[in-house]
J.: 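Here it is, the structure, as structure tokens.
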Amino acid sequence: MKTELITMAAPARAAERAAAILRAGGLVGLPTETVYGLGADGLNEAAVRRIFEAKGRPQDNPLILHVPEAAWLDRYCLDIPAEARDLAARFWPGPLTMILKRREIVPDAVTCGLETVGVRCPDHPAALAVIRAAGVPVAAPSGNRSGRPSPTCARHMLEDMDGLIEAVVDGGPCGVGVESTILDLTGERPRLLRPGGLPLEALEAVLGQITVDRAVTSPLAAGERPRAPGMKYRHYAPQAPVTVVTGAGADTARYILDHAGPGTGIICFDEYADSFPGCAVRPIGASADTAEQARRVFDALRSFDGAAVTAIYAQCPPDAGLGLAVANRLKKAAGFQIVALEEGA
Ligand code: TXA
Ligand code: MG
């Protein structure tokens, strides 16, 4: 299959073209503010099944539905709590996915048979225009092949999906760079299933304290079932093994330098970019700039594939603000292979 690259030179025409492909049951790579998604008509079972094939995605990992406005929530969800409407009013369009009880109309292919569905309204003009033009909710996981780092530009999308899908809409690089924050609102208390582009602190300012699912910060025990099925899979991983080093920047830089050699890949803060001579160094932003780190972390992880890198070390921000999401992606890429240095050691 020849994958068409749709540019946004004529935005209305581009949205119409992508929408026509979706309505015909095709797959389209779509820019969002978080990462690129692999979209299909979320009410078309056959189209949704093709997403799983193209990604090589396990059959028990449900998809989220993308809607153009909060008013669509009632079409696909039941028993919507007041908190969900409040959060949608405050944070949509934006990087928040809410897990809610689903209506019958949502196909099993989307939810993998669960009684709940994830819904989000993306903050990207191209995504919103395509969804509106299609007139259907768009089911879209991140557009990577399963297990790979998520795509944050059209080039990444084509690296993984060229020849497998009908089209990619090129909406430029993603402004957030890590996926949406996932909040489960179907239990007794709200629960964070995945940290993402909307900081936990912003949600807690509205809802009070939120339970953070264990799978966010720790590896799962053998046979343990996480609440977000996707959290159990090895994810975001480059070909070479990754070790995450946590602690003060100067200490982690020294530790990494002690363990690095030729052929070591290094993800570091900008302040330490010149500290690792002979290594393949990928600075991802200043240590205090977690927004920049979020924008660059997936590109850095991807960039080692095809390079002669046999091991990767990564500096890691603390678990605050967007740092929680950046740290989670790095730790998952490392399969939770973490070296924790004492502060000031
Ligand atoms: O930012 C994002 O959320 C991107 C863009 C494209 O919107 N999408 C994305 O989708 O990251 P995906 O499929 O890569 O990640 C969705 C995660 C998976 O871990 C999945 O298991 C979980 O959400 N999930 C989906 N539906 C769920 C449900 N009903 N209950 C619990 N977890 C669910
Ligand atoms: Mg994904």
Side-chain angles (χ1 to χ4, degrees), residues 27-40 42 48 51-52 54-67 76-77 91-103 106-124 126-128 130-131 137-152 156-157 160-161 168-169 171 174-187 191-198 213 215-216 220 225-237 294 298 325 328-329 332-333:
L27 302 185
V28 180
L30 279 177
T32 82
E33 82 281 29
T34 58
V35 301
Y36 274 65
L38 178 54
V48 169
I51 291 179
F52 287 81
K55 278 184 63 95
R57 184 175 176 102
Q59 297 290 335
D60 65 348
N61 193 359
L63 307 180
I64 62 185
L65 288 182
H66 294 69
V67 298
Y76 311 114
C77 304
F91 297 120
W92 279 4
L96 171 67
T97 296
M98 295 189 287
I99 307 294
L100 296 165
K101 221 163 124 184
R102 68 146 171 171
R103 282 189 188 274
V106 180
D108 277 340
V110 169
T111 66
C112 299
L114 295 178
E115 286 308 309
T116 57
V117 63
V119 187
R120 105 170 179 100
C121 176
D123 187 13
H124 194 291
L128 290 171
V130 171
I131 301 167
V138 171
S142 51
N144 50 285
R145 295 266 311 155
S146 211
R148 299 250 302 146
S150 299
T152 53
H156 293 166
M157 226 15 261
D160 285 18
M161 292 296 161
V168 172
V169 175
C174 298
V176 174
V178 289
E179 302 89 336
S180 62
T181 300
I182 302 182
L183 188 68
D184 184 354
L185 290 168
T186 62
R191 176 181 282 264
L192 183 82
L193 301 188
R194 178 177 73 182
L198 182 67
D213 204 69
V216 170
L220 294 163
R225 283 164 56 101
R227 290 175 202 240
M231 297 297 271
K232 72 170 168 282
Y233 296 106
R234 179 161 180 267
H235 210 166
Y236 312 124
F298 284 136
N328 168 266
R329 302 314 187 264
K332 290 205 70 172

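Heavy atoms only: backbone and side chains are in, while hydrogens, waters and symmetry mates are out. When a ligand or atom number is given, it counts from 1 through the structure's own listing order.
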J.: For ligand 1, which is the ligand I care about here, please tell me if His66 has any N or O atom under 3.5 Å from one of the ligand's N or O atoms.
T.: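 Yes - when backbone and side-chain N and O of His66 are compared with those of ligand 1, one distance drops under 3.5 Å.
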
J.: Looking only at protein heavy atoms, which one is nearest to atom 28 (C) of ligand 1, and what is the separation?
T.: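 Checked against all protein heavy atoms, atom 28 (C) of ligand 1 sits closest to Ile99 CD1, 3.6 Å.
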
J.: Based purely on interatomic distance, does Thr34 place a nitrogen or oxygen under 3.5 Å from a nitrogen or oxygen of ligand 1?
T.: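 Yes - when backbone and side-chain N and O of Thr34 are compared with those of ligand 1, one distance drops under 3.5 Å.
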
J.: Of the backbone atoms (N, CA, C, O) and the side-chain heavy atoms from C-beta on, which set of Arg102 has a member under 4.0 Å from an atom of ligand 1: side chain, backbone, both, or neither?
T.: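 Neither part.
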
J.: Pairs of nitrogen or oxygen atoms closer than 3.5 Å, one from Thr116 and one from ligand 1: do any exist?
T.: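 In this structure, Thr116 places an N or O atom under 3.5 Å from an N or O of ligand 1.
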
J.: Below 3.5 Å, N or O to N or O, backbone or side chain included: is there any such pair between Tyr36 and ligand 1?
T.: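 Min N/O separation from ligand 1 is not below 3.5 Å for Tyr36.
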
J.: Check ligand 1 against Gly37 and write out every atom of the ligand that is under 4.0 Å from a heavy-atom position of the residue.
T.: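 Near Gly37, the atoms of ligand 1 are 6 (C).
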
J.: Are there any protein N/O/S atoms under 2.8 Å from the Mg ion (ligand 2), and if so, which?
T.: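 Only Ser142 OG fall inside 2.8 Å of the Mg ion (ligand 2).
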
J.: Under 4.0 Å from a heavy atom of Leu114: give me the atoms of ligand 1 that qualify, with their elements.
T.: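 Contacts of ligand 1 toward Leu114, numbered from 1: 28 (C), 29 (N), 30 (N).
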
J.: Could you tell me which atoms of ligand 1, counted from 1 in the order shown, lie closer than 4.0 angstrom to a heavy atom of Pro62?
T.: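 Listed by number with element: 20 (C), 21 (O), 24 (N), 25 (C), 26 (N), 27 (C), 33 (C).
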
J.: Within ligand 1, which atoms have a heavy atom of Arg57 less than 4.0 Å away?
T.: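 Once the distances to Arg57 are compared, the set is 13 (O).
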
J.: Which of the atoms of ligand 1 are close to Ile182, meaning less than 4.0 Å from one of its heavy atoms?
T.: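 Selected atoms, number and element: 17 (C), 23 (O).
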
J.: With a cutoff of 4.0 Å, is Asn61 in contact with ligand 1, counting heavy atoms of the residue only?
T.: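 The answer is yes: ligand 1 sits under 4.0 Å from a heavy atom of Asn61.
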
J.: Could you tell me, atom by atom, which parts of ligand 1 come under 4.0 Å of a heavy atom of Ser180?
T.: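 Answer for ligand 1: 1 (O), 2 (C), 3 (O).
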
